[in-house]
Structure formats: C-alpha cells, structure tokens
Amino acid sequence: MSLLTDLINLNLSDATDKIIAEYIWIGGSGMDLRSKARTLNGAVSDPQKLPKWNYDGSSTGQAPGEDSEVILYPQAIFKDPFRRGNNILVMCDAYTPAGEPIPTNKRHNAAKIFSHPDVVAEVPWYGLEQEYTLLQKDLKWPLGWPVGGYPGPQGPYYCGAGADKAFGRDIVDSHYKACLYAGINISGINGEVMPGQWEFQVGPSVGISAGDELWVARYILERITEIAGVVVSFDPKPIPGDWNGAGAHTNYSTKSMRNDGGFEIIKKAIGNLKLRHKEHIAAYGEGNERRLTGRHETADIHTFSWGVANRGASVRVGRDTEKEGKGYFEDRRPASNMDPYVVTSMIAETTILWKP
C-alpha cells in the first residue's frame with residue numbers, strides 16, 4: 001500500500017514525458033499570491049513557448065462577476081522544488097481578454113521602464129533584502145513568543161543561535177535550499193532583531209528579473225509555511241511598541257556607479273531620490289508609516305536623509321563604496337510588503353530617466 005508521501009514524491013519522468021506547470025500570479029490585494037497547475041506535453045524552458053491561461057478574476061478581487069475572465073501571460077520559469085523533476089513554476093502577469101494589463105499588474109509598467117534603452121545601457125543591479133515574521137497559525141502571534149506574553153527584549157536574537165533565540169530555522173533553511181533549487185539568485189539568510197523575524201536576500205539580479213525572483217521566492221515561502229502549519233507575515237510593523245519592524249531594503253547600482261568615479265553618480269542619484277521622496281514613499285508599501293518612525297534603525301517617513309554606514313538614514317552608502325569611490329547604495333525606505341516590480345523600476349526611473 002502506497003503512503004501519501006510516496007505518491008507526492010513520484011518521479012513522473014519514470015512514466016511520462018509530460019510535466020506539471022504551476023502558474024503563479026498576484027491577486028487583488030497586491031500581496032496575495034495565487035497559483036494553479038496544468039499538464040504540458042513536455043519540458044519547456046522558454047516562457048514565450050508556454051500557453052497563456054485564464055482564471056476567474058471575480059474570485060480574486062480583480063474582475064466583476066459578469067466579465068470575470070483574466071488572462072495569464074507566462075513571463076519567467078523556475079524549477080519546481082516541490083514536485084521536482086522537469087516540473088516548473090511559472091511567474092505570470094495578468095491582462096484583460098483585450099490584452100490590456102489589469103490595474104494590479106505592476107510588472108507591465110516595470111518591464112517598459114527596464115526595456116528603455118537608457119536603462120538597458122546602465123545594467124541596473126538589485127539586491128533585495130526581504131524581512132518577514134513567522135506567526136503561530138491559530139494565534140497570529142510570533143513563533144517562539146509565549147502565548148499572550150512577550151519574550152525578553154531585543155538584543156540576543158539578531159543572527160542568534162539556540163532554542164531560546166532562533167525560532168523557525170527549519171522553515172528558513174528549507175526555503176533557502178528550495179530557492180537555490182528553483183534557480184532563484186538567493187544570496188543569503190539571517191535571523192532578524194525581533195524574535196520570530198527572519199530575512200532572505202535576492203540578488204544581485206538585473207532589471208525585471210529582481211521582481212520575478214522575489215515574487216517567486218515569496219511564493220515558495222508561502223508554500224513551505226503552509227506545509228509547516230505556520231503563517232508568514234509581510235506586515236511592516238507586526239508587533240507595536242519597542243520591536244523592530246520589517247523592511248525590504250533595496251540595494252542598487254548602475255554601470256556608471258560601478259565604474260571609476262561612480263560615487264559622484266551615486267550622489268546625483270541620491271539627490272534625485274530626495275526630490276521625489278514623497279512619490280517613492282507613497283509606492284513603498286502599505287502601513288510603512290508604522291515602521292518609519294526614526295526609531296529601530298529607520299529614518300522618519302517625512303524626512304529624507306542619507307549617510308555613510310548610517311542605518312538610521314533613508315539611504316545608506318557603504319564604507320567600501322566611499323573608500324573605493326564607486327559601488328552601490330541601499331534605499332532603506334521600502335516596507336516588507338512592497339511590490340518589487342514597483343520599487344525596482346521606480347528607482348531606475350528616478351535615477352536614470354527622470355530629469356529634475
């Protein structure tokens with residue numbers, strides 16, 4: 001008699017050339033990830049060779065019931081760490097039957113910015129630091145925290161080890177390996193300042209691929225926490241009070257910034273970011289005002305600032321960049337629930353295309 005685990009782990013290539021493709025898209029809230037699977041006749045490596053598909057947009061808050069069909073356009077392919085073999089995960093964006101991007105499709109506009117010749121020439125690199133909090137499923141209270149109570153104050157948890165300091169490492173490590181298997185350019189993980197909070201980093205990734213990779217990494221994390229019976233939260237301030245919030249610090253450089261004399265280009269780019277501070281804040285995630293208070297390693301939401309090695313600034317430049325006169329900078333303003341398509345393309349637009 002087969003066990004359920006035996007059937008889940010069946011290797012399809014032993015019996016058929018057919019594969020399973022899990023189509024992933026972003027739902028109506030802008031943060032909820034949806035997916036469904038279909039059978040394909042064989043392995044596919046080019047998203048342009050995948051069939052478009054559709055879904056019921058009235059059930060995701062993206063279309064009215066009387067005209068509910070939304071079309072999925074495959075955009076990026078990753079290996080499926082859950083089904084393994086030749087099976088794939090497919091990141092899609094969503095369009096009306098007439099071919100217009102629906103309002104929650106932020107990828108479409110980002111792709112336009114990233115395909116602009118001036119942006120292409122600058123080869124923008126991104127390193128995205130995704131913080132998140134693991135919650136006990138039925139209590140919606142951080143993992144490892146006493147029920148109805150609080151752990152000891154922050155201090156021992158950041159990059160900590162031990163049963164009283166690190167909560168959920170099995171989930172974090174599973175996610176790390178699953179992302180590497182999938183082909184996501186995940187570059188590291190660490191425990192964060194608040195207990196039950198963790199971070200993973202994606203990058204360096206070029207242009208639109210940074211958004212695709214972060215969204216699929218989030219999807220894989222949702223699936224792993226589903227298996228573990230734990231809830232993942234991307235709320236920028238999950239616990240009020242003297243606890244760190246959760247951000248998505250965005251490290252960025254262009255070809256000009258990475259070349260000799262790049263620090264002058266970086267300073268000019270930061271000047272542009274200062275002039276468009278309000279527009280960026282409006283696009284950097286919901287509830288960010290609860291996080292950007294000027295405390296807990298953040299800058300005040302209303303004031304733009306930058307500095308070398310200053311984690312209390314809006315934008316931080318590393319000591320190495322200052323010393324070498326070239327490199328990258330870190331925009332510390334984006335919230336953990338930001339849309340990477342919006343944030344990455346907006347930074348490129350403001351620093352490369354926008355003229356003050």
Heavy atoms of Ala178 and Ile220 approach each other most closely as CB-CG2, 3.8 Å
Are Met346 and Val202 connected in a single hydrophobic cluster, I mean Ile/Leu/Val/Met/Phe/Trp/Tyr linked by side-chain heavy atoms less than 4.5 Å apart? no
Donor-acceptor under 3.5 Å (Thr16 side chain, Leu12 main chain): no
Verify same cluster id: Ile227, Leu143 (apolar side-chain graph, 4.5 Å): yes
List the steps, then state whether side-chain hydrogen bond (donor to acceptor under 3.5 Å, both in side chains) holds for Tyr219 with Ser35. CA-CA 9 Å; Tyr219 173 80; Ser35 75; 2.9 Å; yes
If you measure only the distance, is there a donor-acceptor pair under 3.5 Å linking the side chains of Asn109 and Tyr341? no
Contact summary for Pro74 and Cys92, nearest pair of heavy atoms: CA-SG, 4.0 Å
Is there side-chain contact between Val232 and Glu222, with heavy atoms separated by less than 4.5 Å? yes
Apply side-chain contact (heavy atoms from CB on, under 4.5 Å) to the pair Lys36 and Trp25, showing each step before the final yes or no. CA-CA 9 Å; Lys36 60 177 184 170; Trp25 70 96; 3.9 Å; yes
Applying side-chain hydrogen bond (donor to acceptor under 3.5 Å, both in side chains) to Ser29 and Asp32, what does each step give before you reach the verdict? CA-CA 6 Å; Ser29 75; Asp32 56 317; 2.6 Å; yes
For the CG atom of Leu134 and the CH2 atom of Trp141, what is their distance to the nearest 0.5 Å? 15.0 Å
Please check if the side chain of Arg332 supplies one atom and the backbone of Ala299 the other of a donor-acceptor pair under 3.5 Å. no
Is any side-chain heavy atom of Ile186 less than 4.5 Å from a side-chain heavy atom of Leu180? yes
Quick check: is Met91 connected to Phe114 through a chain of hydrophobic side chains (ILVMFWY, heavy atoms under 4.5 Å apart)? yes
Could you tell me whether a side-chain N or O of Asn337 sits under 3.5 Å from a main-chain N or O of Glu286, the two making a donor and an acceptor? yes
Side chain of Glu100, backbone of Tyr95: donor and acceptor closer than 3.5 Å? no
Decide if atom NZ of Lys267 counts as having more than 12 heavy atoms of other residues, nucleotides or ligands within a radius under 6.0 Å. yes
For the residue pair Gln130 and Ser336, confirm or rule out a side-chain donor-acceptor distance under 3.5 Å. no
When you compare the side chains of Asn244 and Glu131, does any donor N or O come within less than 3.5 Å of an acceptor on the partner? no
Does Arg218 qualify as a cation-pi partner of Phe234, given the criterion of NZ or CZ under 6.0 Å from the six-membered ring centre and within 45 degrees of its axis? yes
Would you say Gln136's side chain and Pro142's backbone share a donor-acceptor pair under 3.5 angstrom? yes
Quick one, Val119 and Glu349 - any side-chain contact, counting heavy atoms below 4.5 Å? no
Test side-chain hydrogen bond (donor to acceptor under 3.5 Å, both in side chains) on Thr254 and Tyr328 and set out the steps. CA-CA 8 Å; Thr254 62; Tyr328 72 98; over 6 Å; no
Pair Tyr23, Leu50 - check side-chain contact (heavy atoms from CB on, under 4.5 Å), show working. CA-CA 10 Å; Tyr23 279 44; Leu50 287 168; 3.8 Å; yes
Would Asn190 and Gln201 count as a side-chain contact (heavy atoms from CB on, under 4.5 Å) here? Give the steps. CA-CA 9 Å; Asn190 61 269; Gln201 301 95 31; 3.0 Å; yes
With a 4.0 Å cut-off on N to O distance, would you call Arg316 and Glu330 a salt bridge? yes
Is any side-chain heavy atom of Pro101 closer than 4.5 Å to one of Asp93? no
Hydrophobic cluster membership, Val120 vs Tyr252, 4.5 Å side-chain cutoff: no
Between Ala210 and Tyr126, what is the shortest heavy-atom contact and its length? CB-CB, 3.9 Å
State whether a side-chain donor-acceptor pair under 3.5 Å links Ser233 with Asp235. no
Does the ring of Tyr181 carry Arg84 above it, NZ/CZ under 6.0 angstrom from centre and within 45° of its axis? no
Is it the case that the ring center of Tyr150 lies less than 6.0 angstrom away from the ring center of Trp145? yes
I'd like to check Val70 versus Asn54 (side-chain heavy atoms, cut-off strictly below 4.5 Å). Are they in contact? no
Report yes or no: do His249 and Arg333 form a side-chain donor-acceptor pair below 3.5 Å? no
Would you name the heavy atoms of Ala246 and Arg291 that are closest together and state the gap between them? O-CD, 3.3 Å
Donor-acceptor under 3.5 Å (His116 side chain, Ile352 main chain): no
Are Tyr176 and Phe200 close enough that their ring centres sit under 6.0 Å apart? no
Inspect the surroundings of CG in Asp170 and state if more than 12 heavy atoms from other residues, nucleotides or ligands are less than 6.0 Å away. yes
Restricting to non-hydrogen atoms, name the atom on Thr104 and the atom on Gln62 that form the minimum distance, rounded to 0.1 Å. OG1-NE2, 2.8 Å
Below 4.5 Å, heavy atoms only, C-beta onward: do Trp243 and Pro195 meet side chain to side chain? yes
Between Gln197 and Tyr157, is any side-chain donor less than 3.5 angstrom from a side-chain acceptor? no
In plain terms, say whether Lys326 and Glu324 are close enough for a salt bridge, that is, a side-chain N and a carboxylate O under 4.0 Å apart. no
Run Asp56 and Ser59 through side-chain hydrogen bond (donor to acceptor under 3.5 Å, both in side chains) and show every step you take. CA-CA 6 Å; Asp56 169 17; Ser59 296; 2.5 Å; yes
Going through the checks in order, is the side-chain contact (heavy atoms from CB on, under 4.5 Å) test met by Leu33 and Ile26? CA-CA 5 Å; Leu33 283 157; Ile26 299 156; 4.2 Å; yes
When you look at NZ of Lys165, are more than 12 heavy atoms from neighbouring residues, nucleotides or ligands closer to it than 6.0 Å? yes
Hey, does the side chain of Ser205 reach the backbone of Ser209 with a donor-acceptor pair shorter than 3.5 angstrom? no
Looking at Arg83 and Glu22, is any side-chain nitrogen of the basic one under 4.0 Å from a carboxylate oxygen of the acidic one? yes
Check whether Ser253 reaches the backbone of Arg258 with its side chain - one donor and one acceptor, N or O, closer than 3.5 Å. no
Ignoring hydrogens and geometry, is there a side-chain-to-backbone donor-acceptor pair from Trp198 to Gly168 under 3.5 Å? no
Correct closest heavy-atom pair for Pro238 and Met194 would be CG-CE, 4.0 Å
Check whether any side-chain heavy atom of Pro240 sits under 4.5 Å from a side-chain heavy atom of Arg290, and report yes or no. no
Can you find a side-chain donor-acceptor pair between Asp339 and Trp215 that sits under 3.5 Å? yes
Verify the distance criterion only: is there a donor paired with an acceptor across the side chains of Thr350 and His280 at less than 3.5 Å? yes
Leu135 and Val230, any side-chain heavy atoms less than 4.5 Å apart: no
Leu353 reachable from Val343 in the ILVMFWY side-chain graph, under 4.5 Å edges: yes
Presence of salt bridge, Asp320 and Lys323, under 4.0 angstrom: no
Using atom types as modelled and distance alone, determine if a side-chain donor or acceptor of Lys278 lies under 3.5 Å from a backbone N or O of Leu275. no
